[in-house]
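Because only heavy atoms are used, hydrogens play no part in the values below, and waters and symmetry mates are left out as well, while side chains stay in.
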Amino acid sequence: MAYERIMGLDVIDDQEYQKYREAMMPILKSFGGSFGYDFRVSEVLLTKTADNINRVFTIAFPNPKQMDDFFSDPDYLVVKEKIFDKSVKSKTTISVHETEL
């Protein structure tokens with residue numbers, strides 16, 4: 001079993017967002033995390049948020065603790081503040097659930 005999030009983002013700078021992905025990948029892997037799916041979205045037909053969504057992806061970890069530890073890791077938080085926060089206008093958690101690997 002794995003613990004997975006489905007996320008929706010409003011990416012406002014694709015180049016900077018790609019730099020964020022590259023910078024955070026070694027940290028993500030060190031916590032056993034990985035991306036499963038990744039989509040650029042051209043049209044959202046139904047939503048529960050007022051925020052725009054133009055990117056949807058899944059991110060998975062072996063368990064909830066490793067997911068929480070990753071998102072609170074000091075090295076990750078530096079990358080998030082330096083790059084993610086400038087390249088993404090909003091983020092929406094669509095789902096958090098257990099899944100099979």
> Are V56 and I59 connected in a single hydrophobic cluster, I mean Ile/Leu/Val/Met/Phe/Trp/Tyr linked by side-chain heavy atoms less than 4.5 Å apart?
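They do not share one cluster, since no chain of ILVMFWY contacts under 4.5 Å joins I59 to V56.
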> Is it the case that the side chain of T99 and the backbone of E4 share a donor-acceptor pair, with hydrogens and angles ignored and the cut-off at 3.5 Å?
no
> Taking atom types as modelled and ignoring hydrogens, do the side chains of N63 and Q66 form a donor-acceptor contact shorter than 3.5 angstrom?
yes
> Using every non-hydrogen atom in the two residues, find where S30 and I27 come nearest and quote the distance to one decimal.
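Taking S30 first and I27 second, the nearest heavy atoms are OG-O, 2.7 Å.
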> Do E98 and M1 have side chains that approach each other closer than 4.5 Å (heavy atoms only, starting at C-beta)?
yes
> Do you know the tightest heavy-atom contact between F31 and P62?
O-CD, 3.8 Å
> Identify the heavy atoms of K91 and D51 that sit nearest to each other, and give their distance.
O-OD2, 4.4 Å
> Are K80 and D85 close enough for a salt bridge, meaning some N to O gap below 4.0 Å?
yes
> Closer than 3.5 angstrom, by distance alone: can the side chain of N54 be matched with the main-chain N or O of V11 as a donor-acceptor pair?
yes
> Do M25 and F35 come within less than 4.5 Å of each other through their side chains, counting heavy atoms only?
yes
> What about the rings of F39 and F57, do their centers lie closer together than 6.0 Å?
no
> Of Q18, K19, R21, E22, which is the lone residue that meets side chain to side chain contact (heavy atoms under 4.5 Å, CB included) with I83?
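Testing each of Q18, K19, R21, E22 against I83, the sole residue satisfying side chain to side chain contact (heavy atoms under 4.5 Å, CB included) is K19.
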> Where do I53 and V44 come nearest, in terms of heavy atoms and distance?
O-CG2, 3.3 Å
> What are the two closest heavy atoms between K89 and I12, and how far apart are they?
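What the structure gives for the nearest pair is CB-CG2, 3.7 Å.
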> Aromatic rings F70 and F61: how do their planes relate, parallel, tilted or perpendicular, breaks at 30° and 60°?
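The arrangement is tilted - the two ring planes meet at 30° to 60°.
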> Could you please spell out the steps behind the side chain to side chain contact (heavy atoms under 4.5 Å, CB included) verdict for R55 and R40?
CA-CA 5 Å; R55 186 89 175 238; R40 283 194 176 99; 4.1 Å; yes
> Can you name the nearest heavy-atom pair linking L77 to S72, along with the distance?
CD1-O, 3.6 Å
> Please report the C-alpha distance between F84 and V79 in whole Å, then the side-chain angles of each, then the deciding distance to 0.1 Å, and finally whether the side chain to side chain contact (heavy atoms under 4.5 Å, CB included) criterion is met.
CA-CA 7 Å; F84 180 89; V79 171; over 6 Å; no
> Give a yes or no on this: more than 12 heavy atoms of other residues, nucleotides or ligands lie within 6.0 Å of atom OH of Y37.
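Open.
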> Got a donor-acceptor contact below 3.5 angstrom from the T92 side chain to the I94 backbone?
no
> For the residue pair V96 and I6, establish whether any side-chain heavy-atom pair is separated by less than 4.5 Å.
no
> Would you check, one step at a time, whether the test side chain to side chain contact (heavy atoms under 4.5 Å, CB included) holds for Y17 with L9?
CA-CA 11 Å; Y17 182 72; L9 302 179; 3.4 Å; yes
> State the OG1-CZ distance between T93 and R5, to the nearest 0.5 angstrom.
5.0 Å
